[in-house]
Amino acid sequence: MTRALVFDSGVGGLTIADALRRAAPEWVVDYAADSGFFPYGVKTDEELRERLPRLCATLADVAKPDVLVIACNTASTLSLADIRAHVGVPVVGTVPAIKPAAALTKTGVIGILATPGTVRRAYLDDLEREFAAGKTVIRRGSAGLVDIAERAVRGQAIDQEQVAYAVKPLFDPPDGPRIDVVVLACTHFPLIREAIAAACPPSVALIDTGEAVARQAVRVVTNPVATAGEAVAYVTGGAANRAAMQPAFARFGYHAIEIIDV
Ligand code: DGL
């Protein structure tokens, strides 16, 4: 039996959990949402550096997965190495799909939609240098889109005007109108893909990392030892967050919800 634990600040990682279930239908895919500390995109680097390795070590102790998937760009681009040093199972991260975007663009102009935290990461500079040399990369960080996605999955209607307002600045710089590929560099964004697509010019392609992360998770598990049992969703922040997350978890097939205190 193979178990994976997919971790995010909120509901965004459910897109990765879905991709993993498609890639490995026989696996049990547990989920953890750090709802008590959501959203990550506006937290300082220090706050996240202090919390993430500790939280992930606790989650891995409780869930005992064969692989831990950090289904969060904001966390992965800051703390992946640190988390790996604290967790005794393979850890797979989620980072912006700059390489496939660079291969896909015809105009040479790529847009990146992410959290305010991810857009200022040195990790992103490195990815650009390595995989998008000679291309123009325009970044837009939006905490508003994260919030819209989180609320949509919990059952609220999507306000298309708010989405358009959040996306528009990506296309405002002089090269903005030439963007033909937009990287959804936050796992929350594929949850509102249609609304984001409607806010972009029709010629723009949207890409994300769900399937690539799922494939990598399958690749790194070589000797599964986890025990069988129903998939569990873990949540931080107490009973109020458990109640708030319940509709989102139910939509993605999670009925057993456990509170973790970190
Ligand atoms: N889903 C997360 C990401 O991929 C972050 C959302 C947030 O907590 O701000 O970046």
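Ligands are counted one by one from 1 in listed order, and the atoms in each one are counted from 1 as well. Given the structure is predicted, the values throughout are model-derived calculations rather than measurements.
Ring geometry, Tyr254 versus Tyr31: the interplanar angle falls from 30° to 60°, so the pair is classed tilted.
In this structure, the separation between OG on Ser142 and OH on Tyr165 is 10.0 Å, given to the nearest 0.5 Å.
When heavy-atom distances to ligand 1 are checked against 4.0 Å, the residues falling inside are Asp8, Ser9, Phe38, Pro39, Tyr40, Gly41, Cys72, Asn73, Thr74, Thr115, Val146, Cys186, Thr187, His188, ordered by chain and number.
Residues Asp66 and Asn223 share a closest heavy-atom pair of OD1-O, 4.5 Å. Nearest approach of Ile70 to Cys56, heavy atoms of both residues: CD1-SG, 3.9 Å.
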Phe38 and His188: CA distance, side-chain angles, deciding distance, ring pair (Phe, Tyr, Trp, His ring centres under 6.0 Å) verdict = CA-CA 12 Å; Phe38 173 86; His188 277 70; 5.8 Å; yes
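In the model, Thr187 has no side-chain atom that pairs as donor or acceptor with a side-chain atom of Thr15 under 3.5 Å.
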